[in-house]
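Sequence lines set the chain letters: A, B, ... in the order given, protein chains first and strands last, and positions in each chain run from 1. Keep in mind that what you see is a predicted model, and the values were worked out from it rather than measured.
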2 protein chains.
Amino acid sequence: MDVLNGKWKIAIISSICCYGKRRFSDILNDVDGISNRMLSKELKELELNELVKRTILNTQPITVQYELTEHGNTLQTTISNLADWGVVHRKKIVGK
Amino acid sequence: MDVLNGKWKIAIISSICCYGKRRFSDILNDVDGISNRMLSKELKELELNELVKRTILNTQPITVQYELTEHGNTLQTTISNLADWGVVHRKKIVGK
DNA sequence: CTGAATCCAGATGGATACTG
DNA sequence: CAGTATCCATCTGGATTCAG
């Protein structure tokens, strides 16, 4: 069950969870290199997996807010572990 | 730094770490659906990242043994967390 | 602003056959 | 047994454009 496949899922989640609530274009800025096509697609998948909640705000122009669900928060620990490991790993492999 | 990309990395690591040492064809059996082509390729990547150690045994016919490196073992905790989370997740999403 | 649609190149991965 | 090579279908994801 790899819910975190796709090139950007982890970065997206990190961006959202770091700020609590985040608008579409904010995430687009946070995550370097992502296209709106991908952001849209992956957000939709995260929504399907109930990791992310989507709220439409009736502003003008319209904005959409994303935040982690409770369930999404349970991932945070695991993801940060993975991220930490990645940092150590990089040091070990690259810096030798 | 997604070292765990590819469709099978996690399953392969699980197989190896579960048994300690594992031969090529054993892993081929453990991991359901994988082809020798993929197994070979992903093992090579894991080896490059120093997660897995490869030892050629001078038996007849020749066999090759794979085991996790120390560094590979540091992943075990994180992976099993991820796996646990996956199980819970599946229950939550599928079984509602 | 949000996000869906189209187009398209390159990566991924399965089946199979072959070598040492 | 372990691994490589080839062929080929499918998937991924970037660029761009369009719509509400």
Atom pair distance, as rounded to whole Å: [atom1] in [X] and [atom2] in [N]:
{"X": "A/D2", "N": "D/dT12", "atom1": "CG", "atom2": "C1'", "value": "15 Å"}
{"X": "B/Q60", "N": "C/dG20", "atom1": "CD", "atom2": "P", "value": "15 Å"}
{"X": "A/R23", "N": "C/dG3", "atom1": "CZ", "atom2": "C1'", "value": "15 Å"}
{"X": "B/F24", "N": "C/dG20", "atom1": "CZ", "atom2": "P", "value": "18 Å"}
{"X": "A/L28", "N": "D/dG13", "atom1": "CG", "atom2": "C1'", "value": "14 Å"}

Identified side chain to side chain contact (heavy atoms under 4.5 Å, CB included) counterpart of A/W8 within the set A/I27, A/L39, A/I34: A/I34
Answer yes or no: does a side-chain N or O of [X] lie under 4.0 Å from OP1 or OP2 of [N]?
{"X": "B/K7", "N": "C/dG14", "answer": "yes"}
{"X": "A/Y66", "N": "C/dC1", "answer": "no"}
{"X": "B/S35", "N": "C/dA15", "answer": "no"}
{"X": "A/K44", "N": "C/dA4", "answer": "yes"}
{"X": "B/S25", "N": "D/dA2", "answer": "yes"}

Which nucleotide sits closest to the side chain of [X]: [options]?
{"X": "B/M38", "options": "C/dG3, C/dG13, C/dC1", "value": "C/dG13"}
{"X": "A/R54", "options": "C/dT16, D/dG14, C/dT2", "value": "C/dT2"}
{"X": "A/K41", "options": "D/dG3, C/dC1, D/dG13", "value": "D/dG13"}
{"X": "A/R37", "options": "C/dT6, D/dA2, C/dC1", "value": "C/dT6"}

Once ring-ring contact (aromatic ring centres under 6.0 Å, His included) is applied, what residue pairs with a partner in residues 13-51 of chain B remain, sequence neighbours excluded? none
ILVMFWY cluster, B/I56 and B/V52 together (side-chain gap under 4.5 Å): yes
So what does B/G33 touch, heavy atoms closer than 4.0 Å: a base, only the sugar-phosphate, or nothing? nothing
Ignoring hydrogens, what is the shortest heavy-atom contact between B/T69 and B/E50? Give both atom names and the distance. OG1-O, 2.6 Å
